[in-house]
Amino acid sequence: MTSTKEDLQRKLLQTFQAESAEHIQKLNQTLLQLERETDGDARAKLLQDAFRTAHSLKGAARAVSLSDIEQLGHAMESVLQQARDTALPLDPNTCDVLYDALDTIQQHLDGQTIPVDPLVTRLTALVDSTPGTAHASLSAAITPITHTQSAAPSIVPSEETIRVTVRKLDDMMAQASELVVSEISAQQRLEDMHAIRDRIARWPKLWHEIKALMPRLTGTNGEKRLVEVLMKQHDFMQALLQDINSLDTTFGRDTLQLSMANTRLQDNIRRVRMVPFQTILPGFERAVRDAARSENKPISFEVYGGEVELDKRILEMLKDPLLHLLRNAVIHGIESSDTRAAAGKPPVGQVSISVRQRGNEIHIEVCDDGHGFDVEALRQASARNGSSPARSEADSDEIVTLAFQAGISTAQQITSMAGRGVGLDVVRQSIEELQGRIKVENNPGQSAAIQLIVPVSLAISRGLIIQVGKNRYVLPLLSVEKIEHLTETFTIEERLVLLTNGSPIQLVSLVDLLELPANQANNDETQNLLAVIIAVADQHLALLVNDVLAEQELAVKPLASPLKRVRNVAGTALLGSGEPVVVLNPADLIKSARGSRVPSPILPEPVVVTGPLARILVVDDSITTRTLEKNILEAAGYEILTAIDGTEALTLLEQQTVALIVSDVQMPHMDGIELTRRLRANERLKTLPLILVTSLESREDRERGMLAGADAYIVKRGFDQADLLATIERLL
C-alpha cells in the first residue's frame with residue numbers, strides 16, 4: 001500500500017511540474033503584456049487571465065502539498081485581484097515583485113530550497129498599502145521597454161493534446177532511422193539490379209553475331225542440332241531478359257514506395273518533436289526587460305519569425321546561448337541614452353531576434369543598434385587574458401572572434417550581469433555541441449549582428465563521404481562550407497594555411513589528425529588532394545583528403561559503451577553496401593588541429609603554372625557534381641570559377657571574364673535554360689560558348705536546351721570526362 005501511495009505521489013508531482021511550467025510561462029507572458037498594454041478593456045482581460053492562472057497554480061500546489069509554492073501563489077493571486085478590482089497599478093516596480101515570486105517558484109520546482117516568507121511579506125505589503133505607498137519603498141529605476149506584436153503571441157485555444165515524454169519520441173525517431181538504413185540498402189540493391197539488367201541487355205548484340213553465322217552451317221544432323229540448341233538458348237535468354245526487366249521495374253517501384261513512406265514517417269515524427277520558437281520568447285523578453293532596468297536603458301525588443309518550428313531538444317539547447325546574446329546586446333551593445341543622443345541615435349535602443357529556416361538549417365540572428373564590438377578593447381582583453389592573442393596584422397573580423405574565447409570580457413566593472421568573462425564562450429560551446437556555426441557582422445559605432453546556424457534535427461542528417469587513403473569517413477554536411485582543389489599553401493607562425501576568400505585558414509592532413517599509419521597517406525595521389533573546409537561555431541579548418549565521394553542521408557548512431565567518447569568521432573553509420581563508416585566530429589577535429597604545426601608529408605609540391613590558362617565557369621547547385629567537374633577541368637589545365645545557380649553566375653560574369661561555361665539545367669533561383677537565354681540576349685556575352693551537363697535526357701529536353709542557345713548538351717548518366725574535355729576543346 002505504501003509503495004502504491006508513493007507511486008501516486010510521484011506521478012502527481014510529475015504532472016504538477018509540467019502543469020506549473022505552463023502556468024509560470026503564461027504568467028510571465030501576461031505580466032509582460034500588462035506592462036505594455038494601455039487599452040482598458042484589454043488590460044482587464046489580461047488581469048483576469050493572470051488572476052485565474054495564479055489561482056490554478058495555487059490549487060495545484062495545494063493538491064501535492066507544496067506549501068511554499070501554495071503561499072506564493074496565494075499572495076500573487078491577492079495582488080492580481082487587487083489590481084483587477086481596485087486602483088493598485090501594475091507598474092514595473094510591482095511587476096518586479098511578481099517576477100521575483102515566479103522565479104522563486106521555478107527555483108523550488110528545480111529542487112532548490114529558498115525561504116519564501118520575505119517574498120510573501122513583500123507581496124502582502126503591496127495589497128495592504130494604499131496606492132503609491134508601497135511603491136516608494138521599492139526603489140528601482142523605471143526603464144521603459146516596448147515590444148512589437150510579433151514577439152508576444154497571444155494565447156489562443158489549442159487543439160486537443162496528450163503529453164508524451166521526449167524519451168518516447170527519441171525511441172520512435174531511433175526506430176525510424178533504422179528504416180533509413182534499409183532504404184539506403186535497398187537503393188544499393190536497386191543499383192546492383194540495374195547493373196545486372198544492363199549486362200544482360202548486351203546479350204542481343206551477341207545473338208545477332210551468332211545469327212549471322214548460322215546460315216554458314218551445313219545441313220548435317222549435328223549442325224542442325226546445334227542450331228536448335230542455339231534457338232532454345234535465344235528463347236531462354238529472351239525470357240530471362242523480360243523477367244529481369246519486370247523485376248527491375250517492380251523493385252524500383254517498391255524502393256520508391258519505401259523511400260516515400262520512410263520520408264513521411266520521419267517528417268511526421270519530426271513534426272511531433274517540433275515546437276514554435278515563440279514558446280521560449282517570454283523568458284527572453286524577461287531577460288531583456290531585467291537587463292534594461294538594471295542598466296537604466298530604454299529598449300525596444302522585436303522578434304521576427306517566432307512561428308518557425310525547431311526540434312524541442314535543439315530549442316532547449318539554444319536557450320542559454322540566446323539569453324547570453326540578448327544580455328550582451330543590452331549591457332555591452334546598447335549605449336546609454338546620453339551617448340546615443342550625442343551620436344545622433346534615437347534614445348530607445350533596438351534589440352531584435354530574427355528566425356528563418358533555410359532547408360535543413362535554422363538561422364537565428366540577434367541584432368542590436370549599439371556601438372558594436374570594440375576591436376581594440378578585445379585585443380587588449382585578449383592580451384590580459386594571455387590566451388591566443390591576436391596577431392598584430394589581424395583584421396577586425398579576426399579580432400572579433402576573440403570575444404568567443406573563455407575569460408574574454410570588455411566590461412569595465414563587475415556587476416550581477418556582466419564583467420566576469422562568461423558569456424560568448426558559453427555561446428560557442430553550445431553551438432559546437434549542436435554542430436552549428438556562428439557568423440558575426442560588426443559595424444563599429446552602428447550595430448552588431450550575431451547569427452547562429454543550427455540543424456533542424458539531430459537524429460538524421462546528411463553527410464559528405466570522403467576518402468583518406470583507402471579509408472572512408474563521413475563529415476556532417478552542416479559543418480562543410482566548401483571544397484577546394486589544393487594549389488598554393490603558406491606557412492604562418494609555423495602553421496600551414498590555405499588562402500580562401502582572402503582569409504588564411506589552417507590546413508591539416510586528416511591522416512595526421514586521425515593518427516593513421518603513414519602508409520595511409522597515398523603518396524602516389526598527392527596531385528589530386530582536396531581541401532574540405534569545415535566550420536564549427538566561429539572557427540574554421542581546412543582538411544586535406546584524397547577524394548570526395550558522395551553526399552548522402554545517413555542515420556548516425558552514437559558510440560556504445562565502453563567507447564561512448566572517442567576523440568574526433570561523433571558516431572557510426574551504414575553505407576548502402578552495408579559497409580560501416582565512421583562519422584567524424586568537426587568540433588573535435590578543430591580542437592585536435594590546434595597543436596598541428598608540422599606540414600603533412602602528403603602535401604603536394606606547389607604547382608608552377610606557366611602561360612595563360614583558359615578560364616571556365618562551372619554552374620551547378622550540387623556540391624558533389626560541382627567538385628567533380630571542377631577537379632576534372634583543373635586536372636586538364638583550366639582555371640575554374642564556380643557558381644551555385646544562374647543568378648550567381650550572371651553576377652560573377654559582370655566582374656570576371658571567362659572563355660566557356662559548363663552549366664547544370666535544374667537549379668534553384670535561375671536554371672540553366674534561363675541562364676542560356678539571358679546570355680544569348682546579352683550583347684557582350686551572346687557568343688560565349690555554353691555546355692549544358694544535365695540528367696534530363698529526353699529528346700524534348702535536349703531540344704529545349706539547344707533552342708535556348710546552348711552549344712552542346714551532355715547527359716550525366718552517360719557522362720564521360722573525355723567527351724566533356726573534347727567538347728570544350730572543340731568549342732574553344
Side-chain angles (χ1 to χ4, degrees), residues 18-37 42 45-46 49-50 53 95 99 102-103 106 145-161 163-164 166 169 270-292 299-327 329-330 350-368 427 430-431 434 436 449-458:
E19 180 185 2
S20 60
E22 294 178 0
H23 291 326
I24 291 172
Q25 179 176 332
K26 185 172 181 179
L27 280 168
N28 264 305
Q29 184 174 326
T30 306
L31 288 174
L32 288 165
Q33 288 179 287
L34 279 167
E35 286 191 89
R36 301 190 301 270
E37 188 59 63
K45 184 179 184 305
L46 288 170
D49 289 344
T53 305
C95 289
Y99 287 134
L102 290 174
D103 292 342
Q106 185 61 58
I145 175 169
T146 59
H147 199 288
T148 61
Q149 187 67 26
S150 61
S154 58
I155 303 298
V156 296
S158 60
E159 297 179 1
E160 185 178 356
T161 61
R163 296 186 187 277
V164 179
V166 175
L169 294 177
R270 280 199 194 100
R271 279 199 293 269
V272 173
R273 294 175 56 94
M274 304 287 267
V275 292
F277 182 82
Q278 61 196 16
T279 57
I280 59 174
L281 286 183
F284 294 158
E285 190 176 358
R286 271 287 310 276
V288 173
R289 174 198 183 276
D290 293 346
I299 300 293
S300 172
F301 179 45
E302 302 176 358
V303 177
Y304 305 97
E307 71 283 355
V308 175
E309 294 186 336
L310 292 81
D311 186 290
K312 179 174 176 58
R313 176 163 295 175
I314 293 178
L315 194 60
E316 290 296 325
M317 294 177 69
L318 284 172
K319 277 185 180 179
D320 283 346
L322 287 173
L323 282 172
H324 281 294
L325 291 179
L326 290 171
R327 290 192 182 110
V330 175
Q350 304 290 323
V351 177
S352 67
I353 296 180
S354 300
V355 186
R356 300 182 302 275
Q357 182 170 353
R358 294 290 182 268
N360 291 324
E361 296 179 346
I362 297 293
H363 294 231
I364 304 173
E365 187 172 67
V366 178
C367 302
D368 68 77
V427 176
S430 299
I431 300 305
L434 289 169
I450 299 177
Q451 188 176 88
L452 310 181
I453 303 172
V454 297
V456 173
S457 173
L458 294 175

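A quick note: this is a predicted structure, and the numbers were derived from the prediction, not measured. Because only heavy atoms are used, hydrogens play no part in the values below, and waters and symmetry mates are left out as well, while side chains stay in.
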Of all heavy-atom pairs between [X] and [Y], which one has the smallest distance, and what is that distance?
X	Y	value
Ala50	Thr30	CB-CG2, 3.9 Å
Ile299	Ala292	CG1-CB, 3.6 Å
Pro455	Ile314	O-CD1, 2.9 Å
Cys367	Ala449	SG-CB, 3.6 Å
Thr53	His23	CG2-O, 3.5 Å

If we only count heavy atoms from C-beta on, is the [X] to [Y] side-chain gap below 4.5 Å?
X	Y	result
Val275	Ile280	no
Leu31	Leu102	yes
Pro276	Glu307	no

Measuring from atom [atom1] of [X] to atom [atom2] of [Y], what distance do you get when rounded to the nearest 0.5 angstrom?
X	Y	atom1	atom2	result
Ile364	Ile450	CD1	CD1	13.0 Å
Ile353	Phe277	CD1	CZ	4.5 Å
Leu310	Met317	CG	CE	12.5 Å
Leu325	Glu365	CG	CD	11.0 Å
Leu281	Asn28	CG	CG	12.0 Å
Asp290	Tyr99	CG	OH	8.0 Å

(request) Please test Phe284 against Leu323 for side-chain contact (heavy atoms from CB on, under 4.5 Å), starting from the C-alpha separation and ending with a verdict. (result) CA-CA 6 Å; Phe284 294 158; Leu323 282 172; 3.5 Å; yes
(request) Check the pair Gln451, Arg356 against side-chain contact (heavy atoms from CB on, under 4.5 Å), reporting the backbone distance first and the verdict last. (result) CA-CA 11 Å; Gln451 188 176 88; Arg356 300 182 302 275; 3.4 Å; yes
(request) Test Asp103 against Ile24 for side-chain contact (heavy atoms from CB on, under 4.5 Å), laying out the working first. (result) CA-CA 9 Å; Asp103 292 342; Ile24 291 172; over 6 Å; no
(message) Between Glu316 and Lys312 (salt bridge meaning N to carboxylate O under 4.0 Å), is one present in this structure?
(response) yes
(request) Start with the C-alpha distance between Arg289 and Cys95, add both sets of side-chain angles, then the distance that settles side-chain contact (heavy atoms from CB on, under 4.5 Å), and finish with yes or no. (result) CA-CA 11 Å; Arg289 174 198 183 276; Cys95 289; 3.9 Å; yes
(request) Test Glu361 against every option in His363, Gln357, Arg358 by the side-chain hydrogen bond (donor to acceptor under 3.5 Å, both in side chains) rule and name the one that passes. (result) His363
(message) Quick check against the 3.5 Å criterion: does Gln25 have a side-chain atom that pairs as donor or acceptor with the backbone of Thr279?
(response) yes
